[in-house]
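Some notes on the structure that comes next.
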Protein chains: 2
Amino acid sequence: MTTRGTRAEQRERTRQALVRESRRLFATLGYGAVGLSEIVRAAGVTKGALYHHFSSKAELFRAVLEQVQEEVAERIAETADAREDTWEQLVSGCQAFLTVSTDPVIQRIMLVDGPAVLGWSEWRAMNETTSGRHLAQVLGDLIEEGTITAQPVEPLTHLLSGAMNEAALWLAASKDPADLDDTQNALVAMLRALRAT
Amino acid sequence: MTTRGTRAEQRERTRQALVRESRRLFATLGYGAVGLSEIVRAAGVTKGALYHHFSSKAELFRAVLEQVQEEVAERIAETADAREDTWEQLVSGCQAFLTVSTDPVIQRIMLVDGPAVLGWSEWRAMNETTSGRHLAQVLGDLIEEGTITAQPVEPLTHLLSGAMNEAALWLAASKDPADLDDTQNALVAMLRALRAT
DNA sequence: AAAGTTCACGTACCTTCAGTACGTGAAGGA
DNA sequence: TCCTTCACGTACTGAAGGTACGTGAACTTT
């Protein structure tokens, strides 16, 4: 094999090829239905290369999931940060999540296989460092400024993120385009319920 | 092997043994970490017997999940049906779900591995025939009687069931016993938001 | 610049697992 | 009593994840 460029460059190229191709395959076929041989063939390398970069199939999946999580978090933050009002940041952020998460590619990796492959607690921890943190942050701010009734933040965070995850999965499978609007309306209604009187 | 009793009896006994032992193992180790050899050893049969009853490992898991789903649905219905008022049925049913689903055994099978092993849509369909149907039923009744603001039932159902699933998973991992109360309070507050003015 | 070291892989192999083919003996019917 | 059915047990296979070790180019050292 003709190795191009410096060693660090080559290393990075191989790693990215593995992550990119496995992300594609995991998303379309699901973690369990994708073999390592299929991945390395698509990436144009061998299993030796894969195990030089990742200690296991699950570790490779973790790398993919991290990438997906960061992308989702970024796209949500983009939308939310465009708003001035904290309350509007919450609402628009939630709506952005519902829109972004409709992508089946994101769904399978982030919402379906993620918890099963890495275990729920690890999956939770990863969420917490990306998009979950934003949600908790905004909710905390809103409680502090008195917009939302004083209460523990964590239960609220999990209730909302769970509601949105499930709704996103359902929306992806639904045919009626009106479902998205209906869901967002119901969600906003629930959010409004949290507001202090 | 000394087969006791009639053929139908024996058949049922082995099937139940397989379901019982695999349920135990799936719950404690997770679907992926349990081998069929381990299951048949625990059940006191061989792989021939397993594949005579179930066409695949996933099918065996499906049988286990069905059993778990029915148990959960029954326990919730028990609590909810004790109430006269439809609204109180919703509230007590939701609270019952949070309490029941705290069991790690139920969690791993029903909430973590279920969607990944069977695929989300099949998992959703199974839910729909058990506990999910009760929730949709009650919500529909409440909308019909005007207690809840008129709106499509499905989005609401998914938002709520998703919120409760995630909350249950979090509660199981949490240490603070006050978390359960906090979550139930937050949930009830969200439910109340749905009420027509 | 030559020799030595590191490292990013490739090759060959092992183990385990889900799944299959086929044999067997008791239950049930004729 | 004979024949069929069926609920398994036994023995095997292919594929999958994972490992041990070799190799040659990139870097370091002298």
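As the structure is a computational prediction, the values presented were derived from the model and not from experiment. Chain identifiers are assigned alphabetically (A, B, ...) following the order of the sequence lines, protein sequences preceding nucleic acid strands; residue numbering begins at 1 within each chain.
Look at OH on A:Tyr51: it is 14 Å from C1' on C:dC13, rounded to the nearest Å. The distance between atom CZ of B:Arg41 and atom P of D:dG9, rounded to the nearest whole Å, is 15 Å. Distance CG (A:Leu36) to C1' (C:dG10): 16 Å, rounded to an integer number of Å. B:Leu18 has its CG atom 12 Å from the C1' atom of D:dA7, to the nearest Å. Spacing between atom CG of A:Leu25 and atom P of D:dA16 amounts to 13 Å, rounded to whole angstrom units. Following rounding to the nearest Å, A:Leu60 (CG) and D:dA16 (P) show an atom-to-atom distance of 16 Å. Distance A:Leu50 CG to C:dT11 C1': 15 Å, rounded to the nearest Å. In this structure, the CZ atom of A:Phe61 is 14 Å from the P atom of D:dG18, given to the nearest Å.
For the OP1/OP2 pair of C:dA27 and a distance below 4.0 Å, the side-chain nitrogens and oxygens of B:Gln10 include no atom meeting the criterion. OP1 or OP2 of C:dA8 has at least one side-chain nitrogen or oxygen of A:His52 nearer than 4.0 Å. B:His53 has a side-chain polar atom (N or O) that falls below the 4.0 Å cut-off from OP1 or OP2 of D:dC8.
A donor-acceptor contact under 3.5 Å links the side chain of A:Lys47 to the base of D:dG18.
One N or O on the side chain of A:Thr149 and one on the backbone of A:Leu194 form a donor-acceptor pair closer than 3.5 Å.
Under a cutoff of 6.0 Å and an axis angle of 45°, A:Lys57 and A:Tyr51 do not form a cation-pi pair.
B:Arg7 and B:Gln10 share no donor-acceptor pair across their side chains, judged by distance under 3.5 Å alone. No hydrogens or angles considered: a donor-acceptor pair under 3.5 Å links the side chains of A:Ser161 and A:Arg124. Under the 3.5 Å distance criterion, with hydrogens and angles disregarded, a donor-acceptor pair is assigned to the side chains of A:Asp141 and A:Gln137.
Residue B:Arg7 places its side chain closer to C:dA27 than to any other of C:dA8, C:dA27, D:dG9. Ranking C:dA8, D:dC27, C:dG19 by closeness to the A:Thr6 side chain, first place goes to D:dC27. Nearest to the side chain of A:Ser37, among D:dA16, C:dA8, D:dG18, sits D:dA16.
Across all strands, A:Gly48 comes closer than 4.0 Å to base atoms (heavy-atom distances). In this structure, A:Val34 reaches the sugar-phosphate backbone alone: every heavy-atom distance under 4.0 Å involves primed, P, OP1 or OP2 atoms, never a base.
Heavy-atom distances to DNA chain C give each of B:Lys57 and B:Ala8 a nearest nucleotide, and the one nearer the 5′ end belongs to B:Lys57.
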